[in-house]
There are 2 protein chains.
Amino acid sequence: MGYDRLVFSETELLAVFRALSNPARRQMLVWLKDPMSFPGQEPADVEIGVCVSDIQQRAGLGQSTTSQYLTILRQAGLVIATRRGKWTYYRRDEANIARLLETLRDVF
Amino acid sequence: MGYDRLVFSETELLAVFRALSNPARRQMLVWLKDPMSFPGQEPADVEIGVCVSDIQQRAGLGQSTTSQYLTILRQAGLVIATRRGKWTYYRRDEANIARLLETLRDVF
DNA sequence: ATCACATATTGGCAATTCGCGATATGACGA
DNA sequence: TCGTCATATCGCGAATTGCCAATATGTGAT
């Protein structure tokens with residue numbers, strides 16, 4: 001909770017734009033706005049996010065590619081991963097995304 | 001003046017994020033917010049923009065690279081090019097950048 | 001301990017990007 | 001017309017990305 005600076009550093013921005021320069025990764029981020037739109041998603045799961053295989057099925061990509069793309073989104077600070085059992089759930093990092101949008105408004 | 005849609009299409013977003021996924025190109029866009037910060041820039045020139053060689057000198061890149069990067073920014077709809085004599089002046093497309101930021105706020 | 005399952009990591013290859021030097025285009029002046 | 005200057009385009013090798021199959025890691029059930 002809470003971030004060092006208000007604005008993103010050059011390095012952070014690089015990771016963000018590289019992450020979002022791929023349509024599949026951008027899609028994933030948009031899909032995660034509405035976790036309930038994934039089949040078999042329970043209302044109780046919304047807070048923790050969506051598991052990799054559900055995202056993979058929707059993306060139509062391979063398992064390894066999906067996992068890698070989610071890692072890239074996580075390293076860019078756009079999503080948060082939570083491991084529970086054998087599943088890893090991903091959800092948007094809304095606070096950081098909001099901070100990003102503020103940075104973009106300042107910088108551009 | 002004026003654009004077809006309020007929000008950017010998938011193709012437009014791809015061009016934008018690819019363009020901004022390079023630090024040098026992002027720098028150029030930020031520099032162009034203040035054309036007067038370029039040496040030898042006259043107040044009368046502000047509206048038309050900054051010529052390629054001035055941007056090149058500041059970026060420390062080769063001439064061809066600078067020209068290509070500005071073309072990429074132009075194709076992404078982020079800057080506007082104006083040819084006057086042997087010079088090409090580049091300035092920010094503020095209207096389109098504002099439209100982009102609205103799209104980002106909607107989509108992300 | 002062993003198995004099955006979800007996810008992460010590795011290795012690979014085709015396609016793209018990075019940045020450059022060389023060259024082409026286009027505008028102006030002599 | 002010829003030469004010069006500003007910019008654009010071309011062609012290149014090195015580095016990175018896109019996506020995959022294969023393999024490794026970790027977790028829960030038996």
Comparing A24(A) with G85(A), nearest DNA chain D nucleotide closer to 5' gives the residue A24(A)

By the 4.0 Å heavy-atom rule, please label Y90(A) as base, sugar-phosphate, or nothing. sugar-phosphate

Shortest non-hydrogen pair, M28(B) vs L73(B), comes out as CB-CD1, 4.1 Å

Would you indicate, yes or no, if dT7(D) has its OP1 or OP2 atom less than 4.0 angstrom from a side-chain nitrogen or oxygen of S53(B)? yes

Would you say T88(B) reaches dA8(D)'s phosphate, i.e. side-chain N/O to OP1/OP2 under 4.0 Å? yes

Side-chain N or O of N22(A) less than 4.0 angstrom from OP1 or OP2 on dG18(D)? yes

Rounded off to whole Å, could you give me the CD-to-P distance for the Q56(B) and dT7(D) pair? 9 Å

Expressed in angstrom and rounded to an integer, what is the separation of D54(B) atom CG from dA6(D) atom P? 10 Å

Closest of dT7(C), dC20(D), dC20(C) to the V52(A) side chain is dT7(C)

Establish whether the base of dG18(D) is bridged to the side chain of T65(A) by a donor-acceptor pair shorter than 3.5 Å. no

Once you round it to whole Å, what is the distance between P of dC18(C) and CG of L14(A)? 10 Å

Can you figure out which of dG18(D), dG19(C), dT7(D) approaches the side chain of C51(B) most closely? dT7(D)

From CZ of R84(B) across to C1' of dA8(D) the rounded distance in Å is 20 Å

Taking for each residue the nucleotide of DNA chain C with the nearest heavy atom, is it R18(A) or S67(A) whose nucleotide lies nearer the 5' end? S67(A)

What distance separates F8(B) CZ from F17(B) CZ, expressed to the nearest 0.5 Å? 10.0 Å

Quick note, K86(B) side chain, CB onward, closest among dT7(C), dC19(D), dG26(C) is dG26(C)

Value rounded to 0.5 Å, distance of CZ in R105(A) from CG in L100(A): 11.5 Å

Of the options dT9(C), dT9(D), dT27(D), whose atoms approach the side-chain atoms of T71(B) most closely? dT9(D)

L70(B) CG to dA6(D) P, in whole Å, measures 16 Å

Check every atom of dG11(C), dA8(D), dG11(D) against the side chain of Q68(B) and return the nucleotide holding the closest atom. dG11(D)

Pairwise distance OH(Y69(B)) to CG(L61(B)) - rounded to 0.5 angstrom: 6.5 Å

Figure out the CD1/P separation between I72(A) and dC19(D), and round it to whole Å. 10 Å

Short side-chain N/O contact from Y69(A) to OP1 or OP2 of dT9(C), under 4.0 Å: no

Nearest whole Å is fine: how far is dT27(D) C1' from Y89(A) OH? 12 Å

Rounded to the Å, how far apart are W87(A) CH2 and dT25(D) C1'? 16 Å

Does F108(A) share a hydrophobic cluster with I72(B), counting links as ILVMFWY side-chain heavy atoms below 4.5 Å and allowing steps through other members? yes

